[in-house]
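Taking it in order: structure first as structure tokens, then the write-up.
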Amino acid sequence: MVGSLAAAAVLAGGLTAAVATTSDHGASDAAGAPDSASADAGFARDMAVHHQQAVEMSYIVRDRTDDEEVRRLAYDIAQTQANQRGMLLGWLDLWELPKVPERAPMEWMGMGDAPPGKDGALMPGMATNTELSRLEKLRGKEAEVQYLRLMTRHHRGGVHMAKGCVKRCEVPVERRLARGMVESQTSEITLLADLLRARGAKPPAR
């Protein structure tokens, strides 16, 4: 686990540096940076918001269970997604673009006309405020199952968004990050399903 986090930190530095020195869509030169309405900027903003909720959920469950397997997974997800969120926001800084979404969530994916999210669930897979409040009140196995189910849905939404960036983003290093998200979160969805079955529960329906 420590090795994976260290590797993520090294990758973060390399990706950020690569963006800063990119000639086609480099962030240090505002004239060559992606447009604020681009898929690159939209993905960076929306995924930063999406990741922040995963970090929040992961730290909530760590305080509500003594199960080391779930606690390790939650810590790994929190650290990985906080690191990636920092990269996404850092790129927006380098591109001299606003970090706050300027348009409807997912508009960069052609989903700007989708019904607005309810109860705080702004994008695919995000938990509602009610679901987060429930997670905060649970303990032990009940908290574990709630977290594993919410994170399964969250990862599915994240994979959907990352695939959208792979298809639409133009900055090569951002597409590479998105491909990595697809691979890692797809793998974790399988692990989440295994952990749910071990607790006599099932993943949420698609």
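All heavy atoms count here, side chains included; hydrogens, waters and symmetry mates do not.
With hydrophobic clusters built from ILVMFWY side chains whose heavy atoms lie under 4.5 angstrom apart, L92 shares a cluster with M106. Under a hydrophobic-cluster definition in which Ile, Leu, Val, Met, Phe, Trp and Tyr are linked whenever side-chain heavy atoms come within less than 4.5 Å, directly or via other members, M151 and L195 are assigned to the same cluster. No chain of hydrophobic side-chain contacts below 4.5 Å, direct or via other Ile, Leu, Val, Met, Phe, Trp or Tyr residues, connects V159 to V49. Linking Ile, Leu, Val, Met, Phe, Trp and Tyr residues whenever their side-chain heavy atoms come within less than 4.5 Å leaves L192 and V182 in two separate clusters. Under the 4.5 Å side-chain heavy-atom criterion for grouping Ile, Leu, Val, Met, Phe, Trp and Tyr, V61 is connected to V145 within one hydrophobic cluster.
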R176 and V173: CA distance, side-chain angles, deciding distance, side-chain contact (heavy atoms from CB on, under 4.5 Å) verdict: CA-CA 5 Å; R176 185 176 6 139; V173 73; 3.7 Å; yes
Stepwise side chain to side chain donor-acceptor pair (under 3.5 Å) check, S58 with Y147: CA-CA 8 Å; S58 296; Y147 169 75; 2.8 Å; yes
Residues R103, S36; criterion side chain to side chain donor-acceptor pair (under 3.5 Å); working and verdict: CA-CA 10 Å; R103 296 173 173 79; S36 190; 4.7 Å; no
Salt bridge (Lys or Arg N to Asp or Glu O under 4.0 Å) between D66 and K141, intermediate numbers included: CA-CA 9 Å; D66 294 326; K141 181 179 176 180; over 6 Å; no
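Note that CZ of R197 is 11.5 Å distant from CG of L148, once rounded to the nearest 0.5 Å. Rounded to the nearest 0.5 angstrom, H50 NE2 and H160 NE2 are separated by 9.5 Å. How far CG of L89 is from CE of M87: 11.0 Å, rounded to the nearest 0.5 Å. Of the inter-residue distances, the one linking D63 atom CG with R139 atom CZ reads 8.5 Å to the nearest 0.5 angstrom. Note that CG of L138 is 10.5 Å distant from CD1 of I60, once rounded to the nearest 0.5 Å. Rounded to the nearest 0.5 Å, atoms CD (Q146) and CG (L132) are 8.5 Å apart.
By the 4.0 Å N-to-carboxylate-O rule, D67 lies close enough to R199 to be salt-bridged with it. Between E131 and R134, no side-chain nitrogen of the basic residue sits less than 4.0 Å from a carboxylate oxygen of the acidic one, so the salt-bridge criterion is not met.
A heavy-atom distance below 4.5 Å is found between the side chains of R156 and P203. The side-chain heavy atoms of R179 and E174, taken from C-beta on, include no pair separated by under 4.5 Å. Side-chain contact between V171 and P34 is present, with at least one heavy-atom pair separated by less than 4.5 Å. Looking at heavy atoms from C-beta onward, L73 lies out of side-chain contact with E69 at the 4.5 angstrom threshold. In this structure the side chain of L97 reaches within 4.5 angstrom of the side chain of R45, judged on heavy atoms. Residues I77 and E188 meet the side-chain proximity criterion, which asks for heavy atoms closer than 4.5 Å. Using a 4.5 Å heavy-atom threshold, the side chains of K202 and L196 count as separate. H51 places a side-chain heavy atom less than 4.5 Å from the side chain of M181.
A distance-only check finds a donor-acceptor pair linking the side chain of S184 to the backbone of G180 [under 3.5 Å]. A donor-acceptor pair under 3.5 Å is absent between the side-chain atoms of D119 and the main chain of T128, judged by distance alone. Remark: the backbone N or O of A143 is not paired with any side-chain donor or acceptor of R64 at under 3.5 angstrom.
Among all heavy-atom pairs drawn from E170 and D40, the shortest one is N-OD1, 2.9 Å. The heavy-atom pair separating V55 from A78 by the smallest distance is CG2-O, 3.6 Å. Listed here is the closest heavy atom pair of A127 and L150: CB-CD2, 4.1 Å. Of all non-hydrogen atoms in C169 and F43, the two that sit nearest each other are SG-CB, 4.1 Å. Heavy atoms only, all atoms of each residue included: R168 and M109 are closest at NH2-O, 3.6 Å. The minimum heavy-atom distance linking M47 with G158 is given by the pair CE-O, 3.5 Å.
More than 12 heavy atoms of other shown residues, nucleotides or ligands fall within 6.0 angstrom of atom CZ in R62.
Partner H154 forms a side-chain contact (heavy atoms from CB on, under 4.5 Å) with one of R149, Q185, M123, M57 and no other, that one being M57.
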